[in-house]
Every structure is written in C-alpha cells, then in structure tokens.
Amino acid sequence: MTQGEELNELLQVRRDKLDQLREKGVDPFGRKFERTHTAQAILDAFDHLSKEEIQEKNQPAVIAGRLMSKRKQGKASFAHLQDQSGRIQIYVRKDEVGEEQYETFTSADLGDWLGVSGTVFKTNRGETSIKATEITFLSKSLRPLPEKFHGLKDVELRYRKRYLDLIMNPEVKETFLTRSRIISAMRRYLDEQGFLEVETPTMHTIPGGAAARPFITHHNALDIDLYMRIAIELHLKRLIVGGIERVYEIGRVYRNEGISTRHNPEFTMLELYQAYADFHDIMDLTESLITHIAQEVLGTDTVQYAGHTVQLGQPWARKHMADLVKEHTGVDFRREMSDEEARRLADEHGVEITPAMTFGHILNEFFEQKVEEKLIQPTFVYGHPLEISPLARKNEEDPRFTDRFELFIVGREHANAFTELNDPVDQRERFEAQVREKSQGNDEAHPMDEDFLEALEYGMPPTGGLGIGIDRLVMLLTDSASIRDVLLFPTLRDQG
RNA sequence: GACCCAUUAGCUCAGUCGGCAGAGCACCUGACUUUUAAUCAGGGUGUCCCAGGUUCGAAUCCUGGAUGGGUCACCA
C-alpha cells in the first residue's frame, strides 16, 4: 500500500485511535520495557500447579507482547499476548488498573504491543494467566492482522510478508528456529573437529567450482564484470595449498537457473576441505555430521519426510553408481563399453541423451533417470564418471570413474564430495576438456581457471572435500515440502 | 521455458443457468467483572487481478496479459 492510497475504514479507525492515544498523553510508539518473564516461562513454571497453589505463591510477573485476541466483558476483559516464546492470557479488571488504563486497553486493537504487570493466577477454566495491575502501551499497529482462526493461508502473502506468516503460524517460527539450530550444531561439530571457519569472496572473476550458469554483475571502478559465486570450492582449495589443513565455509551461493520447490536462485552451502583425507574419510565425516545434527537438534536419528521414514542411524549404504545402474536396469557400465554402445543402450532403455554425450555422461543419465528417485534411505553413490567430475581425482583402478560421491536421501542429492584432484597437469587437461564441451554448447561446463591452476602447481596435499546443501538438509529435518518453507524470504518476482 | 490450476471485503472463503456483491472472522455502536473461535442486539466496509470482446445486461462466457501455486524441464 502506498502513501497516496486512500485509507479504508479499518485503517482509518486505527489512525484515529493513534491520535486518541496521543491526546491522552500515551506514546503510541513507546519505549524500553523490562519484563521478568516470557509467556512460555510462566507456563513452564506454573501451568502444572493447581489454582490454589498458584494463588498461594502470589507470583508477580511482567510480560510483553502482541495483542492477539480480546474478549471484553464489561468491566473486565480477557486477552492473549504473544511473544517469541508463545501466548499467554491476561485478565484486566477496571477496578485493578483504573479507568484510564482500562480505556486504553479496551480501545487497543489486535496487533498492538502491550506490556503487562500483574500476578500469575489460574482461571476457573484452568488457564494459567496474568491478572493485570498495570497496562503499558508499547506500540500501535495500524493494520489489521489476518483472521485469527484461519490465519494466513495465501502462500504468496506468506512468502512476501513473512512477518505476518511468523505472527499467525507458530509452526513457521519453529521451522526457522530449527534451521538456526541445525547450522549452529553444524558449526559446533566442525569446530570441535578442528576445522577453521573462513569467509571467501562471493564475487568471482571466474565462475568455477561447479557446473551452473552464474549471475553477472559489474564493478564500476575496476570496469570489470564479476560473477556471483556458484560454489565456494576453488578458494577453499587455495587455502589448503596455503597450509590450512581443515577449513570450511557456510555461505550463500548463487545460480542463475530455474526456480522450483527445490531450487532458489540463492541458497546456502557448507563446503569443507580436509588435507590428507580421501572420499572414504569424507563419507564417514558426512554420516556422523548429519546424524549428529539430527540427534542434537531433533533428539532422534529417525525422521519423517513426505510420508517416508528415514533412518539416519549409521551405517549408510555405499554403492558404486555403475552397480546401482546395473541393479535397476541390468546394464553393466563397469565393463569396457564404447560411446556408440552406450548410446544404443540408452536408446534401448528409454534413457534420453543428447548427441554430444559420451560414455560417462550416458552412465550419469542412466543413474539420474532410472535410479536417483528410488534412493529413499541415505545412500552414498560413488564412482561418478570422469566427464562430469572435472575437479575430482581419477579412480586408480578404472580411470573412467572418479573418487567422488553424492549422498542421496528421499531421492534427492544432499551432498557432493570427492577426493580432490591435486595434480595440476591432470587438472589443466580436465579444464581443457570442459572448455571443449563449452564450445560444443554446454554453457554450464567449467571455465579455464589459470589462477587456480597456478595455486595447484605450488602443491596441494591429498585432500578430501565436501559440499552440503543446507536448505535441503533443513527441508529433510523439518519435513518441509518446498525450499521456500525453509527460506525466510524466498526469491519471488517483483510485484511492482 | 512448457502444461495445469488459482486470483471476489483487512483475512478465510461462497457466489447456481449471464439478471441488485455474499457469509464468518476482523472492524464500528451498545450490553456484560473468570472468558477463551466468549456471548447477545444493531451496522456491510468491494478496482470481483488487469485490458479488450460478446451481450439489453458479465464476478460468471471469449481473447490477451499479470501474479502466485503445482507438475515437468534445468539444476543443488
């Protein structure tokens, strides 16, 4: 709503009440207020006691919150105040707070912020409440809240005006509290394991470390285009070269691609690198990290997601991509196979491919189209083909594959990791192959990065690396169907 | 990017065959000192998403557009 807009009756009434408050000498946008309790703290301490026990204690309390309901009954009223912890009922009597304050209270609108001093008591109907001795007006709400019973359902409004969603839908607040706890548990765990948290640039001169289309921006003073990072990888590996042996970053990355229930243009990744480790060590780490987080945040290693019961208790299945494809389609990609034969097999099994695809791409398509969605329980899928893994070390026994894994849970990728490629000559060849792919039309192929190659040439120790999509992990642990339900302000079109 | 669905009061939603724009909550006036989706009496507050078209007449039918949701595609 804009400044010039005519105020409808509901808005006008509230503005009139604002003026009336000022006329009475009440500041409608008050000041600092000291409380003694949150709503939940009072319920925790008193709700289990009887009406008489509470009365004996005669416990004073000062609370504050947003007025969410009001039941006026002549010279006394009931109402609920909501603070971050929850809701608590207040009971306001004219003969207790005086005529002036009672007037202020009864003319308050749902949505106004009030402070209440009083004593804890329990009503005849058994609800622990505060009997007010003093009402302090804290802040005026000039707009009506969504309907008190049905709440805010409109999905678009919930995302655009998340504050209303948080006010009206308690489970939304719970989801974001859980998100915060997940990230904090993750940090604590990694810190305890000796990992150093760092911050690296989010604006890159070369968009690398993943296969994705970047956002482009421009720096005026330097007159150069910069890319919003699509991964954290290459900077963290430079730090491994620099001798930091265990390093991680939890940060935003940006990919200029489609939006869906599982994709937001900006999302949060954990990336970590551990010197002297390989991808088997990283599997162990991933398993214990996620199980630990679930235990610490949810108190269980069993989670419900979209009707599935997911067992996060160790150990998780570890399967070679080619073996999984063989299991589900009968096609054996472990044996020698020409690109032509792979294409023919794709055709026979109804796997869609593009003409430029070779053996490794086709194996990956088999996996994505025939296997991926079936992996409900945590499964480490390893041995990704060389063609789609330009930053991972080749497998020693079969160089068509790499020492890479992805973690699948409920049919979705939750982590991506590998034994890092630390041979600068091999790395240069991989980049060159990617550049060839790019020239053949794959606009998500990895660009050449000379500065990164130079770092590798100084020597990088054998290293294991890991990336975890935090948003998807939060979705899994909060049973959220859409990524928008775990992002406070998901990307939406500008409404103008 | 393709397809399907939705858009009516501040919010949640009805709206029949094309015939005066509706309900509940919220809000306003009054009653009510342990209520709790408080109750009782009275009051309807609107760019029916937008722009065209058909029609005596459109929230309703047609065309185009906007926004959102879902599915698919792409990806994490």
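For clarity, every value in this text was computed on a predicted model and none was experimentally measured.
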Chemist: Specify the separation, in whole Å, of atom CZ of A:F215 and atom C1' of B:rA76.
Modeler: 14 Å
Chemist: Go through the N and O atoms of the side chain of A:D154 and the base of B:rU12, and report whether any donor-acceptor pair is under 3.5 Å.
Modeler: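 No, the side chain and the base share no sub-3.5 Å donor-acceptor pair.
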Chemist: How would you label the contact of A:N264 with the nucleic acid (heavy atoms, under 4.0 Å): base, sugar-phosphate, or nothing?
Modeler: base
Chemist: Taking B:rG65 as the reference, what is the distance to B:rC4 when you measure between their P atoms (whole Å, please)?
Modeler: 13 Å
Chemist: Counting only Watson-Crick pairs (N1-N3 plus N6-O4 or O6-N4) and G-U wobbles (N1-O2, O6-N3), all under 3.5 Å, who is the partner of B:rG52?
Modeler: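 B:rC62 - that is the nucleotide pairing with B:rG52, both distances being under 3.5 Å.
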Chemist: How close or far is atom P of B:rA73 from atom CZ of A:R262, stated in whole angstroms?
Modeler: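 My rounded result for the distance is 9 Å.
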Chemist: Contact class for A:Y159 vs. all strands (heavy atom < 4.0 Å): base, sugar-phosphate, or nothing?
Modeler: sugar-phosphate
Chemist: Heavy atoms from C-beta onward define the side chain here; which of B:rC74, B:rU35, B:rU12 lies closest to that of A:E444?
Modeler: B:rC74
Chemist: Select base, sugar-phosphate, or nothing to describe what A:H80 touches, counting heavy atoms under 4.0 Å on all strands.
Modeler: base
Chemist: If we take the P atom in both B:rG10 and B:rG46, what is their distance in whole Å?
Modeler: 7 Å
Chemist: A:L152 has an atom CG; how far is it from atom P of B:rG69, in whole Å?
Modeler: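 Spelled out: CG on A:L152 to P on B:rG69 is 14 Å.
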Chemist: Are the charged groups of A:R262 and A:E413 less than 4.0 angstrom apart, N to O?
Modeler: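 No, A:R262 and A:E413 are not salt-bridged.
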Chemist: How far, in whole Å, is B:rG24 from B:rC17 if one measures between their C1' atoms?
Modeler: 28 Å
Chemist: Less than 4.0 Å between a side-chain N and a carboxylate O, is that true for A:K370 and A:E365?
Modeler: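 Salt bridge: no.
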Chemist: Check the pair A:Q12 / A:D16 against side-chain hydrogen bond (donor to acceptor under 3.5 Å, both in side chains), numbers first and verdict last.
Modeler: CA-CA 6 Å; A:Q12 191 54 54; A:D16 292 346; 3.0 Å; yes
Chemist: Is the base of B:rU36 touched by the side chain of A:S69 through a donor-acceptor pair closer than 3.5 angstrom?
Modeler: no
Chemist: Within less than 4.0 Å of OP1 or OP2 of B:rU36, is there a side-chain N or O belonging to A:R125?
Modeler: yes
Chemist: Using purine N1 to pyrimidine N3 plus N6-O4 or O6-N4 for Watson-Crick, or N1-O2 and O6-N3 for G-U wobble, each under 3.5 Å, what pairs with B:rG22?
Modeler: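 Base partner found: B:rC13.
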Chemist: Students often get this wrong, so: under 4.0 angstrom with heavy atoms, is A:K75 touching a base, only sugar-phosphate, or nothing?
Modeler: base
Chemist: According to the Watson-Crick and G-U wobble definitions, with both distances under 3.5 Å, which nucleotide is paired to B:rU34?
Modeler: none
Chemist: Please work out if A:K72 contacts a base, only the sugar-phosphate, or nothing of the nucleic acid, heavy-atom cut-off 4.0 Å.
Modeler: base
Chemist: On RNA chain B, does the nearest nucleotide to A:D471 precede the nearest nucleotide to A:T261 from the 5' side, or the other way round? Give the residue.
Modeler: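 Going by which nucleotide is closer to the 5' end, it is A:T261.
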Chemist: Counting only Watson-Crick pairs (N1-N3 plus N6-O4 or O6-N4) and G-U wobbles (N1-O2, O6-N3), all under 3.5 Å, who is the partner of B:rG1?
Modeler: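 Looking at the geometry, B:rG1 pairs with B:rC72.
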Chemist: Is A:R393 atom CZ crowded by more than 12 heavy atoms from other residues, nucleotides or ligands, each under 6.0 Å away?
Modeler: no
Chemist: Within the structure, does a side-chain N or O atom of A:R160 lie under 4.0 Å from either OP1 or OP2 of B:rG68?
Modeler: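 Yes, such a contact exists.
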Chemist: In whole Å, what separates the P atom of B:rU12 from that of B:rA26?
Modeler: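 Going atom to atom, P in each nucleotide, I get 15 Å.
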Chemist: Ignoring the backbone of A:F121, work out which of B:rC27, B:rG68, B:rU34 is nearest its side chain.
Modeler: B:rU34
Chemist: With heavy atoms under 4.0 Å as the rule, sort A:G151 into base, sugar-phosphate or nothing.
Modeler: sugar-phosphate
Chemist: Can you confirm whether the side chains of A:K122 and A:S50 place a donor and an acceptor under 3.5 Å from each other?
Modeler: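 No.
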Chemist: Stepwise, does the ring-ring contact (aromatic ring centres under 6.0 Å, His included) test hold for A:F401 with A:H384?
Modeler: CA-CA 6 Å; A:F401 303 115; A:H384 292 59; 9.8 Å; no
Chemist: Looking only at N and O atoms, is any donor in the side chain of A:Q89 or the base of B:rU35 less than 3.5 Å from an acceptor on the other one?
Modeler: yes
Chemist: Whole Å only: how far is the CZ atom of A:R15 from the P atom of B:rG10?
Modeler: 15 Å
Chemist: Hey, is A:D95 close enough to A:K75 for a salt bridge, meaning N to O under 4.0 Å?
Modeler: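 A salt bridge is absent here (no side-chain N lies under 4.0 Å from a carboxylate O).
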Chemist: Which is true for A:R484 with a 4.0 Å heavy-atom rule: it touches a base, it touches only sugar-phosphate, or it touches nothing?
Modeler: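 Sugar-phosphate, no base atom in range.
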Chemist: From the options B:rG69, B:rG24, B:rA73, select the nucleotide whose nearest atom is closest to the side chain of A:E147.
Modeler: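 Shortest atom-to-atom distance from the side chain points to B:rG24.
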Chemist: For B:rU33, does the base pair up with any side-chain atom of A:R93 as donor and acceptor (N or O, under 3.5 Å, distance only)?
Modeler: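 Check passes, donor-acceptor contact within cut-off.
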Chemist: Starting at atom CG of A:L10, determine the distance to atom C1' of B:rC27, rounded to an integer number of angstrom.
Modeler: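 A:L10 atom CG is separated from B:rC27 atom C1' by 5 Å.
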Chemist: Is a side-chain N or O of A:N416 found less than 3.5 angstrom from the main chain of A:L466, in a donor-acceptor match?
Modeler: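 A pair under 3.5 Å: no.
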Chemist: By the definition salt bridge (charged side-chain N to carboxylate O under 4.0 Å, His left out), identify the one residue from A:R484, A:R160, A:K173, A:R158 that meets it with A:D165.
Modeler: A:R158
Chemist: Check the pair A:E406, A:R404 against salt bridge (charged side-chain N to carboxylate O under 4.0 Å, His left out), reporting the backbone distance first and the verdict last.
Modeler: CA-CA 7 Å; A:E406 290 178 299; A:R404 171 183 177 188; 3.7 Å; yes
Chemist: Tell me: CG of A:L11 to P of B:rA9, nearest whole Å?
Modeler: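 It is 14 Å, rounded to the nearest whole Å.
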Chemist: When rounded to the nearest Å, what value does the distance between C1' atoms of B:rU47 and B:rA31 take?
Modeler: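 Looking at atom C1' only, B:rU47 and B:rA31 are 39 Å apart.
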Chemist: Within the structure shown, what part of the strands sits under 4.0 Å from A:L145 by heavy-atom distance: base, sugar-phosphate, or nothing?
Modeler: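 Counting heavy atoms under 4.0 Å across all strands, no contact is made by A:L145.
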Chemist: In whole Å, what separates the P atom of B:rU16 from that of B:rC11?
Modeler: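 Comparing P positions in B:rU16 and B:rC11 gives a spacing of 22 Å.
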Chemist: How many Å lie between NE2 on A:H150 and C1' on B:rA14, as a whole number?
Modeler: 12 Å
Chemist: Taking atom C1' in both B:rG57 and B:rC40, compute the distance separating them and give it to the nearest angstrom.
Modeler: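 Each nucleotide's C1' atom is 42 Å from the other's.
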Chemist: Kindly point out which of B:rA76, B:rU34, B:rG68 is positioned nearest to the side chain of A:E156?
Modeler: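 Closest of the options to the side chain of A:E156: B:rG68.
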Chemist: So which one's nearest nucleotide on RNA chain B is more toward 5', A:P146 or A:Y91?
Modeler: A:P146
Chemist: Could you work out which one of B:rC11, B:rA26, B:rC28 sits closest to the side chain of A:V13?
Modeler: B:rC28
Chemist: Where along residues 248-259 of chain A does a heavy atom come under 4.0 Å from RNA chain B, residue by residue in number order?
Modeler: A:R255, A:E257, A:G258
Chemist: Is the closest side-chain heavy-atom distance between A:W316 and A:T379 below 4.5 Å?
Modeler: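 A:W316 vs A:T379: side chains apart.
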Chemist: Taking pairing as Watson-Crick or G-U wobble with both contacts under 3.5 Å, can you name the mate of B:rA6, or confirm there isn't one?
Modeler: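 Because both required distances fall under 3.5 Å, B:rA6 counts as paired with B:rU67.
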Chemist: Return the value, rounded to whole Å, for the distance between atom CG of A:L67 and atom P of B:rU36.
Modeler: 17 Å
Chemist: Pick base, sugar-phosphate or nothing for A:K17, based on heavy-atom distances below 4.0 Å to the nucleic acid.
Modeler: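 Since only primed, P, OP1 and OP2 atoms lie under 4.0 Å of A:K17, the category is sugar-phosphate.
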Chemist: Does A:E127 contact B:rU36 through a side-chain donor or acceptor facing the base, at a distance under 3.5 Å?
Modeler: yes
Chemist: Among B:rC27, B:rU36, B:rC32, find the nucleotide with the atom closest to the side chain of A:Q73.
Modeler: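 Looking only at heavy atoms from C-beta outward on A:Q73, the closest nucleotide is B:rC32.
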Chemist: Using the C1' atom in both, what is the distance from B:rG53 to B:rG18, to the nearest Å?
Modeler: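 Per the computed distance, 15 Å lies between those C1' atoms.
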Chemist: Below 4.0 angstrom, N of the basic side chain to O of the carboxylate: do A:E56 and A:K51 qualify?
Modeler: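 No.
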